[in-house]
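Just passing along the structure, written as structure tokens.
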Amino acid sequence: SKKAKNVSASDHVKQYLLGVFHSDGGKLFCTYCNVTDHHRKSSVDRHLDSSTHRKRKVEIQSTTANDSLVKKQKTVISLFQKSTENREAQNYTEAFVCVNISLEKLDNKKLRKFLRRHVTNGGVIPSSAQLRQEYLPKVAECHKQEIMELIKRSGCLSVVTDELTDSQDQHVLHILFVLQGLNGEDASDSDLKVVLADTMYLHAVNYNTISQAIIKCLNRFGVDFNNISAFISNNANYMSKAYKLLPNSVHLTCNAHIVALASDIWRANFPEVDKLIATVKKVFKYCLSRKLHFKEHLQSAVQAVGSSLRVKLPPESVETRWGSWYAATKYHAQYITFYPTFVEEEMEITPNTQVLNELKRLLDNSETLQVQLNLITRYGKELVDLIKWFESHEIRVHQDYNKVVDLINTYEALKDEQEQNKCIKAFTKVVDKLTSYYDPNSSERTSCFTQPAHQFLKAVRVFDPLQVCTLNLDTLPLDSKPGFNRSCKTELERYRFHASECNSELSLTAFWRSAETRFPNTANLVVPNSVEAEQSVSAYGQVFTAQRQSMKEEQVNRLTMLNFNSKT
């Protein structure tokens with residue numbers, strides 16, 4: 001007999017009732033029996049008349065309400081191809097999300113044509129809708145499993161929270177984990193592993209919503225509450241109450257934020273400088289031609305005086321960006337001498353411009369402004385440098401207390417050397433502000449806007465092998481460290497002696513990894529946790545843009561988490 005060479009498996013499917021046969025990989029399958037033979041129609045007909053087929057059909061129909069739900073046989077080649085397509089689609093989804101490229105870009109015809117021609121398996125990429133609905137949840141779930149594995153390996157971790165109100169007036173809570181990770185990691189690595197665990201939308205911001213969100217997140221990742229060593233948040237009362245859910249941790253408020261609040265004192269005490277910065281910002285904000293004129297004017301003026309200053313526009317001072325105000329004062333201190341002639345030239349072009357007239361009035365007192373700018377640039381730098389130091393991901397919590405005390409003492413000494421009343425006033429207020437935050441005996445200490453871990457920051461210095469040899473252990477509030485017990489106390493003297501003989505160039509991480517077997521109780525208390533959550537807020541702002549405000553909350557959460565964690 002002859003085989004049908006021009007009749008395909010899909011052609012045979014159409015010759016019979018819907019659902020009786022299906023094709024896959026060029027082969028014809030009986031849906032009920034999962035056997036294949038499509039070369040001869042007579043063979044197919046004999047199979048349908050067989051008792052085995054009829055019996056199997058009755059069994060399937062009696063247990064399955066719909067024939068379309070019957071499990072259909074696949075060829076090995078088809079399964080492998082499908083698996084490959086799934087992996088490729090997930091890889092593309094993850095890559096686009098991590099670099100914050102909208103998945104809708106993949107629907108562009110030109111891009112799809114390019115991918116098909118020049119990228120391996122580029123033609124198997126599904127539509128953006130399928131990537132969002134099918135593959136993005138898979139990628140997010142795989143990433144969640146990776147985080148859970150990191151948590152198991154890390155042992156102890158810190159919880160960092162930060163809430164904000166976005167452009168749609170929605171309350172958004174960011175929850176991050178700072179993984180301690182002392183076991184099995186590179187001893188030379190002094191950075192902390194930070195992962196964004198969740199981004200939650202809250203209908204209101206209070207103790208109930210915050211605490212419920214934190215508990216939900218910790219349970220979702222299987223975090224043991226007893227393994228949380230620190231809770232880092234702002235100074236809000238609802239955050240202080242939520243901290244009580246974590247029995248074995250210490251509550252830290254952001255040191256960089258506290259120093260930033262103290263740095264605002266300079267701004268408040270020099271209103272003329274603040275007015276100058278705001279006015280210059282207005283001059284250039286909405287006028288592109290004026291920016292070009294200023295660059296040309298600056299170029300000729302710098303060349304005329306033989307200066308090596310770079311020709312650049314003044315930086316914008318943004319209230320929510322720490323240190324930007326000081327960057328503006330530094331710029332104006334260098335370039336203010338070139339402003340009067342530029343303003344005169346601009347007023348000839350647009351004589352009735354209010355902002356130019358305002359800037360001209362300020363520059364009439366340019367000598368006083370120059371003195372004040374120089375003072376702020378010189379002495380405000382200490383605060384800016386400390387803010388940047390606190391924002392580092394390195395393990396530095398053992399030096400936090402020293403840094404703040406050194407700044408307080410520096411400003412105390414500078415008060416007696418200054419003749420400018422405004423500068424002396426700024427020094428005094430900064431000292432008082434920082435003292436009220438960090439000194440437990442301060443008379444001005446209040447329940448709000450303080451560092452609740454001030455005693456912990458003082459005591460945690462004992463874990464620095466370079467400091468322990470010089471500290472008086474009897475005066476340190478060691479009980480403020482959660483988990484400190486009699487066993488830890490008995491190890492301290494042995495640890496102090498061991499630290500005096502160790503290599504002083506060892507990092508804190510390397511030291512405690514090497515000493516963990518000798519001092520197991522003390523090593524478990526080391527808390528290398530000090531990190532800001534501002535970067536996750538920035539990642540959220542990059543994902544939730546004006547063009548993406550119709551996205552569902554769950555999708556925003558997945559995109560923000562994957563985008564932020566790909567950079568840490």
Side-chain angles (χ1 to χ4, degrees), residues 256 259-388 391 420 422-423 426 534 538 541-542:
V259 177
L261 291 174
S263 69
D264 286 342
I265 292 172
W266 283 95
R267 184 174 182 173
N269 278 270
F270 290 87
E272 299 90 349
V273 171
D274 190 39
K275 185 70 174 176
L276 172 69
I277 293 172
T279 305
V280 172
K281 181 179 177 180
K282 291 179 183 177
V283 166
F284 296 109
K285 190 170 181 64
Y286 303 111
C287 188
L288 180 61
S289 62
R290 194 170 289 154
K291 294 178 182 179
L292 297 175
H293 293 165
F294 180 72
K295 279 190 173 183
E296 293 172 357
H297 171 80
L298 202 58
Q299 182 71 49
S300 59
V302 166
Q303 290 178 352
V305 297
S307 174
S308 59
L309 288 175
R310 290 177 56 194
V311 176
K312 57 181 181 179
L313 291 171
E316 288 192 4
S317 172
V318 182
E319 188 173 351
T320 57
R321 192 181 304 155
W322 298 335
S324 62
W325 190 81
Y326 288 92
T329 59
K330 182 179 179 180
Y331 178 92
H332 294 314
Q334 294 176 312
Y335 293 87
I336 192 173
T337 54
F338 304 111
Y339 292 173
T341 52
F342 168 72
V343 172
E344 289 177 2
E345 292 176 2
E346 286 299 303
M347 292 185 72
E348 290 178 1
I349 301 173
T350 54
N352 297 321
T353 305
Q354 182 179 354
V355 69
L356 288 174
N357 290 327
E358 187 176 353
L359 181 57
K360 185 178 184 303
R361 285 194 297 270
L362 288 171
L363 293 175
D364 289 340
N365 198 18
S366 60
E367 292 183 2
T368 302
L369 284 172
Q370 182 74 71
V371 172
Q372 293 182 0
L373 286 167
N374 291 338
L375 286 172
I376 298 171
T377 301
R378 180 179 178 183
Y379 298 115
K381 185 176 182 296
E382 299 272 352
L383 286 163
V384 178
D385 291 344
L386 187 55
I387 291 172
K388 292 179 180 177
E391 289 178 326
Q420 285 275 343
K422 286 188 176 183
C423 202
E534 296 298 326
S538 176
Q542 294 171 8

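For the single chain, residues carry numbers from 1 onward in sequence order.
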Handout entry: Atom pair CG (Leu386) and CD (Glu382), whose distance is rounded to the nearest 0.5 Å
Key =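 That separation rounds to 9.0 Å.
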Practice task
Flag the pair Phe294 / Val283 as yes when at least one side-chain heavy-atom distance between them is below 4.5 Å, and no otherwise.
Solution key: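 When only atoms from C-beta onward are counted, Val283 and Phe294 do not touch, as no gap falls below 4.5 Å.
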Practice task
Specify the closest pair of heavy atoms between Ile387 and Ala260, including all atoms of both residues, with the distance to one decimal.
Solution key: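 Minimum heavy-atom separation between Ile387 and Ala260: CD1-CA, 3.8 Å.
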Problem - Any donor-acceptor pair under 3.5 Å from Lys295 side chain to Leu313 backbone - result: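 Flag not set: sc Lys295 to bb Leu313 has no pair under 3.5 Å.
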Handout entry: Worked verdict on Thr377 versus Gln334 for side chain to side chain contact (heavy atoms under 4.5 Å, CB included)
Key = CA-CA 10 Å; Thr377 301; Gln334 294 176 312; over 6 Å; no
Handout entry: Spatial distance of atom OG1 (Thr353) from atom NZ (Lys360) [nearest 0.5 Å]
Key =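 Reported to 0.5 Å precision, the distance equals 13.5 Å.
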Practice task
Kindly indicate, with the supporting measurements, whether the criterion salt bridge (Lys or Arg N to Asp or Glu O under 4.0 Å) is fulfilled by Glu358 and Lys275.
Solution key: CA-CA 10 Å; Glu358 187 176 353; Lys275 185 70 174 176; 2.7 Å; yes
Practice task
Identify the two heavy atoms, one from Leu298 and one from Arg310, that lie closest to each other, and give their separation to 0.1 Å.
Solution key: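 The answer is CD2-O, 4.4 Å.
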Problem - Val318 backbone acceptor or donor facing Ser324 side chain under 3.5 Å - result: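 Yes, the answer is positive, given that a donor and an acceptor are paired below the 3.5 Å cut-off.
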Handout entry: side chain to side chain contact (heavy atoms under 4.5 Å, CB included) assessment of Tyr331 paired with Lys312
Key = CA-CA 10 Å; Tyr331 178 92; Lys312 57 181 181 179; 3.8 Å; yes
Exercise for the section: Give me the ring orientation class for Tyr335 and Phe338: parallel if the planes are under 30° apart, tilted from 30 to 60°, perpendicular past 60°. Expected result: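 Because their plane-to-plane angle lies in the 30° to 60° range, the rings of Tyr335 and Phe338 count as tilted.
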Handout entry: Check: Arg267 side chain, Trp325 main-chain N or O, donor-acceptor pair, under 3.5 Å
Key =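 Looks like no, no N/O pair under 3.5 Å.
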Exercise for the section: Please report the shortest heavy-atom distance between Lys285 and Lys291, naming the atom on each side. Expected result: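 Closest approach of Lys285 to Lys291: O-NZ, 4.4 Å.
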Practice task
Please work out which of the three classes, parallel, tilted or perpendicular, describes the rings of His332 and Tyr339, given edges at 30° and 60°.
Solution key: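 Geometry flag for His332 against Tyr339: perpendicular rings.
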Problem - Donor-acceptor under 3.5 Å (Ser307 side chain, Gln303 main chain) - result: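 Not a single qualifying donor-acceptor pair exists.
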Handout entry: Heavy-atom pair of closest approach, residues Ala328 and Ile277
Key =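 Answer, listing the atom of Ala328 first, then Ile277: CB-CG2, 3.8 Å.
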Exercise for the section: Check for a donor-acceptor pair, side chain of Thr350 on one end and backbone N or O of Met347 on the other, with a separation under 3.5 Å. Expected result: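 Answer holds: no.
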Handout entry: Taking every non-hydrogen atom, the tightest pair across Asn374 and Ala333
Key =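 Heavy-atom minimum between the residues: OD1-CB, 3.7 Å.
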Practice task
State the CD-CG distance between Gln354 and Leu356, to the nearest 0.5 angstrom.
Solution key: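 Those atoms lie 10.5 Å apart.
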Handout entry: side-chain contact (heavy atoms from CB on, under 4.5 Å) partner of Glu272, the single match among Asn365, Leu373, Leu369
Key =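 Passing option: Leu369.
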Exercise for the section: For residues Cys423 and Phe270, report the shortest heavy-atom separation together with the two atoms involved. Expected result: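 In this case the closest contact between Cys423 and Phe270 is N-CZ, 4.1 Å.
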Practice task
Quick one: pull up OG in Ser366 and CG in Leu276 and give me the separation to the nearest 0.5 Å.
Solution key: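 Between atom OG of Ser366 and atom CG of Leu276 there are 10.0 Å.
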Handout entry: Enclosure of Asp364 CG (heavy-atom neighbours >12, cutoff 6.0 Å)
Key =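 Yes, enclosed.
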Problem - Check: Ser263 and Trp322 side chains under 4.5 Å, non-hydrogen atoms - result: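 With C-beta onward as the side chain, the pair stays apart.
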Handout entry: From OG1 (Thr329) to CD1 (Ile336), nearest 0.5 Å
Key =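 Going from OG1 on Thr329 over to CD1 on Ile336, the span is 11.5 Å.
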Practice task
May I ask you to check whether Glu345 and His293 show a side-chain donor-acceptor distance below 3.5 Å?
Solution key: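 No donor-acceptor contact under 3.5 Å links the two side chains.
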Practice task
Could you check whether the rings of Phe342 and Phe284 sit parallel, tilted or perpendicular, using 30° and 60° as the cut-offs?
Solution key: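 Rings of Phe342 and Phe284: parallel, as their planes differ by under 30°.
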Exercise for the section: Look up atom NZ in Lys381 and atom CD1 in Ile376, then write down how far apart they are to the nearest 0.5 Å. Expected result: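 Those atoms lie 15.5 Å apart.
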